[in-house]
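Beneath this line is the structure, given in structure tokens, with notes to follow.
Order of listing sets the numbers, starting from 1, for every ligand and every atom in it.
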Amino acid sequence: MAVYLPCALMLLMVTWLGFLPRWFTPLWLAIFTVTNTVFYALIKSGLNLRLNDPSMTMAQMTVAIAAVAVILYHADAIRGGMLMLLLVILLFGVLRLTTVELLAMGALSSAAYALVIVLLTTRKPQQIEPSVEWTQWATLTATLAVMGPLVGYMSHVRRRLSESLRTIKDMAERDALTGAFNRHHMGEMLDREVSRCERGAPAFVLLIADIDHFKHINDSFGHLVGDLVLKRVAHAMREALRKGDYMARYGGEEFVLLIAANDLAESKVASERLRVQVERLRIPELGRHNITISIGGTVYRSGDTQSTLLGRADAALYRAKHSGRNRVECDTPLAE
Ligand SMILES: Nc1nc2c(ncn2[C@@H]2O[C@H](COP(=O)(O)OP(=O)(O)OP(=O)(O)O)[C@@H](O)[C@H]2O)c(=O)[nH]1
């Protein structure tokens with residue numbers, strides 16, 4: 001909108017001043033609006049995600065170049081000024097395109113203007129001065145050829161910056177070994193969930209899962225194998241979680257999970273699925289040794305804070321460890 005509105009106003013003014021035929025601008029604006037609505041509908045419906053380039057940048061630029069070529073054909077006395085629109089289109093490439101793609105778009109703009117000149121020379125020879133038009137064409141082509149690599153470089157820097165930002169965000173939020181969210185992120189997430197519940201959102205279940213006898217694994221197989229076990233356990237638990245559930249590495253071999261469930265009975269299925277998924281893990285480096293986890297769980301109650309929730313889940317985990325490990329315990333008896 002921020003782009004189309006100034007262009008639409010400019011076209012209306014140019015038409016009002018008599019440089020474009022009266023019938024032209026309303027028709028042009030209507031066709032351009034319909035075409036852009038098609039792009040908008042594709043994005044809204046998600047159909048664009050099936051395309052090689054979901055942003056459809058090149059397709060949108062191609063349509064815009066064609067639309068400007070139509071203006072150029074009708075613009076007669078002010079054709080030279082209208083050429084600037086082709087430079088504006090090229091600038092849009094900074095959002096996605098590589099230098100090669102930008103040069104291709106520049107070449108397309110140049111070819112479109114050349115076609116307009118050829119058409120005008122054959123159809124309206126009295127209204128154009130070919131030497132002036134071809135001089136303008138050469139200037140446009142040279143400008144596009146210089147701008148292409150410059151815009152391409154800006155696009156490249158922009159891409160690198162967003163990649164770096166993503167990496168920095170990941171490093172700040174994720175545990176480097178397991179890829180799970182880190183303790184700091186968990187604290188923020190838990191505060192957010194508690195606030196949501198205070199505002200009346202459905203309760204959630206908090207689980208602490210702790211690998212059994214992990215010290216023994218480190219001592220028997222070495223820390224590198226211990227690290228591998230942590231990674232495999234985290235991966236197995238992530239696989240067992242549903243969309244919307246959350247997992248963070250709480251400490252050494254402890255993970256906190258937030259499960260979307262209203263009561264402990266409901267979350268028992270999820271907790272058991274986690275426990276069994278880890279029990280089934282086969283890690284060649286451990287030989288016949290099996291990995292198990294113990295889980296302590298609690299459900300949000302009105303007035304809870306981060307520490308009351310973690311405290312109750314920890315107490316339940318303690319009971320799970322002391323009742324033989326490889327089991328799920330919750331802070332209130334579960335309805336069987
Ligand atoms: N390899 C590896 N070991 C870790 C890491 N973080 C913590 N540990 C080890 O995890 C072990 C935890 O041992 P404990 O707290 O005694 O617990 P445990 O042996 O699992 O016993 P239970 O929890 O009672 O079943 C310690 O030996 C830590 O050194 C890590 O990132 N990598």
Cluster link V157 to L90, ILVMFWY, side chain under 4.5 Å:
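Per the 4.5 Å side-chain linkage, V157 and L90 are not co-clustered.
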V132 reachable from V118 in the ILVMFWY side-chain graph, under 4.5 Å edges:
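In one cluster: no.
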Out of all atoms in ligand 1, which are within 4.0 Å of some heavy atom of G226? Include the element for each.
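Here the atoms of ligand 1 in question are 1 (N).
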Element-labelled atoms of ligand 1 that are located less than 4.0 Å from some non-hydrogen atom of L230
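This gives 30 (C), 31 (O), 32 (N) as the contact atoms.
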I want to confirm something. Looking only at heavy atoms, which of [options] is nearest to [atom]?
atom	options	value
atom 2 (C) of ligand 1	D212, D219, D227	D227
atom 8 (N) of ligand 1	I293, N218, I211, L177	N218
atom 15 (O) of ligand 1	K215, E253, H216	E253

What protein heavy atom lies closest to [atom]? Include the residue and the distance to one decimal.
atom	value
atom 22 (P) of ligand 1	K321 NZ, 3.4 Å
atom 24 (O) of ligand 1	R325 NH2, 2.9 Å
atom 31 (O) of ligand 1	R249 NH2, 2.7 Å
atom 7 (C) of ligand 1	G252 CA, 3.4 Å

Identify every side-chain donor-acceptor pair in residues 233-244 under 3.5 Å, counting partners at least two apart or on other chains, and give the distances.
from, atom 1, to, atom 2, distance (Å)
R238, NH2, T178, O, 3.4
R242, NH2, A260, O, 3.4

Spell out, as yes or no, whether a donor-acceptor pair under 3.5 Å connects the side chain of Q306 to the backbone of G187.
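Yes, because the side chain of Q306 sits within donor-acceptor range (under 3.5 Å) of the backbone of G187.
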W28 side-chain N/O to A67 backbone N/O, donor-acceptor pair under 3.5 Å:
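Checked: pair present.
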Do any nitrogen or oxygen atoms of F214 come within less than 3.5 Å of a nitrogen or oxygen of ligand 1?
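Checking ligand 1 against F214, an N or O pair does fall under 3.5 Å apart.
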Is the distance between the ring centroids of H216 and F221 under 6.0 Å?
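For H216 and F221, the ring centres are not under 6.0 Å apart.
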Set of residues satisfying ring-ring contact (aromatic ring centres under 6.0 Å, His included) with respect to Y318, sequence neighbours excluded:
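Counting only residues at least two positions away or on another chain, Y318 forms a ring-ring contact (aromatic ring centres under 6.0 Å, His included) with H322.
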